[in-house]
S.K.: 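Got a structure here, written out as structure tokens. Questions coming.
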Amino acid sequence: PGARSEENLRLVEAVRERQELLDRLSGLQRSIVKRVALPEVLDAVAEGVRSSLGADLVAIRLTRREDRTTTRLVCSLGATQQLLGRWREARRVDLLSSSVLETGRVGVFRPPDPARAAAEFAAAGVGAAIIAPLQERGEVVGSLAVGFRSRGRHFSGRDEEVLKAYAEHAGLALNDARAAEEAMHQSFFDSLTGLPNRSLFTDRLEHALERMARDQRPIAVLLCDLDDFKTVNDSLGHAAGDRLLRAVGARIAETLR
């Protein structure tokens, strides 16, 4: 009877933990659908994984679009201000993180293991860490790292599945944020030249008129016309006209703010 009672308690605790995980993941999904700001969603991911795994530290890093070998800290929990200052510095990807980024698989860190050093966790006195890749449109663009100060922390298959679930939801948030960013760009920027389009011009002009009425300061609108553009299109074709527009757009972008 005593053994059955203990087993029942374990089952009840497992069900409770699973329900708590499902509730947190559902909350993340609702936040993504509602287009909650990306930093808030990533904060919720970090808080969720810390609670679910009982972690001491959590760090979410994203690679820079212009340099995929360099990462930036976008979210962290459990770190001191001094450690945060070190983490925020732009840095090259360490060996463990690079393995996670390259393979797209969960990685485990236990010091001393200099061949797979996770610099940010070693500096924090972490005895064990588990790191999952974050994906955006099928490309690994960051990592979700969870640290424990106890070196005896064993990572079970459940731990990996929980971490992967949070990493997948962080990836969903990244995908949604990128889609929203692109939709916004398409709405307000010309696809050919990359310059602000009529919609954005109208919006900025309305704001300028409001400031003029409030501050009693005049504004001006400068119209630039491209002479004989129709002739270029008619004689050389629309492809040549498009190249001309792109060239003029590039000159405008280089000249103005």
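It should be emphasised that the depicted structure is a prediction, and the values quoted were computed from it without experimental measurement.
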S.K.: Would you confirm whether Asp225, through its side chain, and Asp227, through its main-chain N or O, come within 3.5 Å as a donor-acceptor pair?
M.R.: no

S.K.: Take a 6.0 Å sphere around CZ of Arg18 and say whether it holds more than 12 heavy atoms from other residues, nucleotides or ligands.
M.R.: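 At most 12 heavy atoms, drawn from other residues, nucleotides or ligands, come within 6.0 Å of this atom.
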
S.K.: Under the criterion salt bridge (charged side-chain N to carboxylate O under 4.0 Å, His left out), I'd like the reasoning laid out for Glu210 against Arg204: C-alpha separation, chi angles, the key distance, then a yes or no.
M.R.: CA-CA 10 Å; Glu210 290 173 1; Arg204 296 294 171 86; over 6 Å; no

S.K.: Looking only at heavy atoms, which two atoms of Thr71 and Arg61 are closest? And how far apart?
M.R.: OG1-NE, 2.8 Å

S.K.: Give the minimum heavy-atom separation between Pro133 and Ala167, together with the two atoms involved.
M.R.: O-CB, 3.7 Å

S.K.: Is a donor on one side and an acceptor on the other found under 3.5 Å between the side chain of Asp159 and the backbone of Ser156?
M.R.: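 It does hold such a pair.
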
S.K.: Hydrogens and angles aside, do Ser26 and Asp23 bring a side-chain donor and acceptor to less than 3.5 Å of each other?
M.R.: no

S.K.: How long is the gap from CD1 on Ile60 to CD1 on Ile131, to the nearest 0.5 Å?
M.R.: 12.5 Å

S.K.: Can you see which heavy atom on Ser51 is nearest to which on Arg24, and at what distance?
M.R.: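 Nearest pair, atom of Ser51 first, then Arg24: OG-NH2, 3.2 Å.
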
S.K.: Please check this pair: side chain of Thr63 against backbone of Val141, looking for a donor-acceptor N/O pair closer than 3.5 Å.
M.R.: yes

S.K.: Does any N or O in the side chain of Asn197 come within less than 3.5 Å of the main-chain N or O of Leu200, such that one atom is a donor and the other an acceptor?
M.R.: yes

S.K.: Given Arg50 and Glu47, is the salt bridge (charged side-chain N to carboxylate O under 4.0 Å, His left out) satisfied, shown in steps?
M.R.: CA-CA 5 Å; Arg50 180 170 70 168; Glu47 182 57 50; 3.1 Å; yes

S.K.: Report yes or no: does Ser143 contribute a side-chain atom to a donor-acceptor pair with the main-chain N or O of Ala145 at less than 3.5 Å?
M.R.: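 No; zero donor-acceptor contacts below 3.5 Å.
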
S.K.: Taking it one step at a time, do Leu245 and Leu226 satisfy side chain to side chain contact (heavy atoms under 4.5 Å, CB included)?
M.R.: CA-CA 9 Å; Leu245 289 176; Leu226 195 57; 4.0 Å; yes

S.K.: Report yes or no: does Asp228 contribute a side-chain atom to a donor-acceptor pair with the main-chain N or O of Thr231 at less than 3.5 Å?
M.R.: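 A pair under 3.5 Å: no.
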
S.K.: Who are the side chain to side chain contact (heavy atoms under 4.5 Å, CB included) partners of Phe201, not counting sequence neighbours?
M.R.: Leu205, Val221

S.K.: Could you give me the CA-CA distance, side-chain angles and deciding distance for Arg246 and Asp242, then say whether salt bridge (charged side-chain N to carboxylate O under 4.0 Å, His left out) is met?
M.R.: CA-CA 6 Å; Arg246 282 194 291 266; Asp242 287 348; 5.1 Å; no

S.K.: Who passes ring-ring contact (aromatic ring centres under 6.0 Å, His included) against Phe189, sequence neighbours left out?
M.R.: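 ring-ring contact (aromatic ring centres under 6.0 Å, His included) list for Phe189, sorted by chain: His185.
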
S.K.: Can you measure from CD (Glu136) to CG (Asp176) and round to the nearest 0.5 angstrom?
M.R.: 11.0 Å

S.K.: Where the side chain of Asn175 meets the backbone of Arg137, is there a donor-acceptor pair that is under 3.5 Å apart?
M.R.: yes

S.K.: Are Leu22 and Leu53 connected into the same hydrophobic cluster when the rule is that any two of I, L, V, M, F, W, Y join if their side-chain heavy atoms are below 4.5 Å apart?
M.R.: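 Not linked; separate clusters.
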
S.K.: Look at atom CZ of Arg251 and say whether more than 12 heavy atoms of other residues, nucleotides or ligands are closer to it than 6.0 Å.
M.R.: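 12 or below, so no.
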
S.K.: Does the Tyr166 side chain pair with the main chain of Gly48, one donor and one acceptor, at a distance under 3.5 Å?
M.R.: yes

